[in-house]
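Take a look at the structure below.
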Amino acid sequence: MSLQIFNTETRQKELFKPIHDNKVGMYVCGVTVYDLCHIGHARVMVVFDTVVRHLRLLGYDVNYVRNITDIDDKIIKRALENGESIQTLTERMVSEMHADEQALNVLRPDMEPKATEYMAEIKGMIQVLVDKGFAYPASNGDVYFKVNSFAEYGRLSGKKLEDLEAGARVEVNAMKQDPLDFVLWKASKADEPAWESNWGEGRPGWHIECSAMSTKCLGNHFDIHGGGMDLSFPHHENEIAQSECATGDHYVNTWMHCGFVRIDDEKMSKSLNNFFTIREVLKVFQPEVIRYFLLASHYRSPVNYSQENLESAKANVGRLYSALQSITPGKPSENTEYQAQFMTVMNDDFNTPKAMALLFELAKEVNKTKDTGLAGLLIKLGNQIGLLEQSPETFFKFQPSDSELTEEMIVQLIEDRKQARADKNFARSDEIRDELGALGVELLDSPQGTSWRRV
RNA sequence: GGCGGAAUAGCAAAGUGGCUAUGCAGUGGAUUGCAAAUCCAUCUACCUCGGUUCGACUCCGGGUUCCGCCUCCA
């Protein structure tokens, strides 16, 4: 077991060694639940799901925590717009998120702490920071973290305080002692949701919830902390500052950040309004195609979302399933080079593209040899990264919601064609093939009869 | 302005100091009533300029281009 993980903090691959025996504590920043999840969220879900699966395969006892931010400005705003309560909105979005996740074959985290359920811990941590002099209440009821009180601020992102101040894109706020100070507790306005605290009515700032919840769930010092690339600064930088100042312990050993999903080479994001929700993509492409697409690039690289690339992913998954179609997979072969290689590449910072290449090599071998053990192995290895869990039949017969051609119609046409062929009426036979072909259905004749697939 | 990342064949995407990545697409062949699937063969690469080296796509330095973060964001 020699897993190497790229650590954002040191910018290099490091040999992974858990803090406590074989137990791994892993925290991933989840979603702010005010809207449906988009493909960028899907990437984080799928990537860290794959990480957890691999860690477990290596024998680690993983405690996977992914938070839910259920109180925040955008949530308040959206609830108001929708004319519904915050709780109704967030509960609905949480269950939508779980549905998307399940579709993508993402296993649920062990814990999903919600900010509103950890108010005591959040307020407790803020109080400690104030007591220790790392934070200060302002006259307006806000509490700020004093950035220059933490000498190592900038450690994760490689930024220097003076450079940040020179950048000067930080909002000017007279309440702050320093423009870079960030809010731990926000005083609430009259009609906003609020929690009682030592500093008056208010709600937590964004960064503090992750510090408080990760510490509560995993302890002061834990193994892996992940999230999207955009969270490394300021969110994760601020988490380090808060947590280490509050607990006095080192916070996290390994920081993992996954790359963005892009649209036309531009970052997909809510603010750019160029996002695709998981929901809408699922109408056209099967969940497994999306999962494949997301894992076909290395997790730290950007991926470009496009119709073309999804089509390509679909063809690729189809090739794997083709290999399994004409064979009854048996007990997976053991001690093969494929299996060893698969482990090796996954141990190399989760090199899923390389792992996929191995699946294709194995598929070719299966096509050639018709070896049932290797077919079983193909399924087994695919399963290790959450793929190849359906039957080839199910995969190939998936009807996208934009297709009106039903299975019954296809089967009927195939019957007609069978008769035409029996009558040696090949003109009619080919006509049917072409008709179906135009509608995205391919016919496959074999001695056992005619099967079909959507392409 | 500061910090960081990336440039690989038609497309996507790994990797390595010398040995076919991989998939899709293309071409030729086997197979098929015709196809599809499959197999065999095959064509397209490593941004640019220097340096190190017997040898660099791979290491080092300069340049160019693109992207991200520095403001909410996965």
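The chains referred to below are lettered A, B, ... by the order of the sequence lines, with proteins before strands, and numbering in each begins at 1.
The structure places CG of A/Asn7 at 12.5 Å from CG of A/Leu15, a figure rounded to the nearest 0.5 Å.
Both distances falling under 3.5 Å, in either a Watson-Crick or a G-U wobble arrangement, place B/G28 opposite B/C40. The pairing partner recorded for B/U48 is B/G62, the criterion being a Watson-Crick or G-U wobble arrangement whose two distances lie under 3.5 angstrom.
Between the base of B/G33 and the side chain of A/Asp430 there is a donor-acceptor pair shorter than 3.5 Å. Side-chain atoms of A/Ser301 and base atoms of B/G5 include no donor and acceptor less than 3.5 Å apart.
Comparing A/Gly227 and A/Leu358 against RNA chain B, the residue whose closest nucleotide sits nearer the 5' end is A/Leu358.
Phosphate proximity of B/C72 to A/Ser271: absent, as no side-chain N or O sits under 4.0 Å from OP1 or OP2. Regarding contacts with the backbone of B/A12, every side-chain N or O of A/Asn304 stays at 4.0 angstrom or more from both OP1 and OP2. Look at A/Thr352 and you won't find any side-chain N or O under 4.0 angstrom from OP1 or OP2 of B/A13. When the side-chain nitrogen and oxygen atoms of A/Lys160 are compared with OP1 and OP2 of B/C70, none of them lie within a distance under 4.0 Å.
For the pair A/Lys77 and A/Tyr34, the cation-pi test (distance below 6.0 Å, angle within 45°) is failed. The side-chain tip of A/Lys13 does not point at the ring of A/Phe6 from less than 6.0 angstrom away and within 45° of straight on.
Within 4.0 Å of A/His298, counting heavy atoms only, lie sugar-phosphate atoms of the nucleic acid but no base atom. Among the heavy atoms of the strands lying under 4.0 Å from A/Ser157 are primed sugar atoms or P, OP1, OP2 only; no base atom is included.
Judged by distance alone, the side chain of A/Glu237 and the main-chain N or O of A/Gly154 form a donor-acceptor pair under 3.5 Å.
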Enumerate the protein-to-nucleotides 38-42 of chain B contacts in which both atoms are nitrogen or oxygen and the separation is below 3.5 Å.
unit_1, atom_1, unit_2, atom_2, d
B/U38, OP1, A/Arg319, NH1, 3.1
B/U38, O3', A/Asn367, ND2, 3.1
B/C39, OP1, A/Arg319, NH2, 3.3
B/C39, OP1, A/Asn367, ND2, 3.3
B/C40, OP1, A/Lys368, NZ, 2.8

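Ring to ring, A/His207 and A/His236 are not that close: their centroids are 6.0 angstrom or more apart.
Of the candidates A/Asn351, A/Thr352, A/Val51, A/Met346 forms a side-chain contact (heavy atoms from CB on, under 4.5 Å) with just one, namely A/Thr352.
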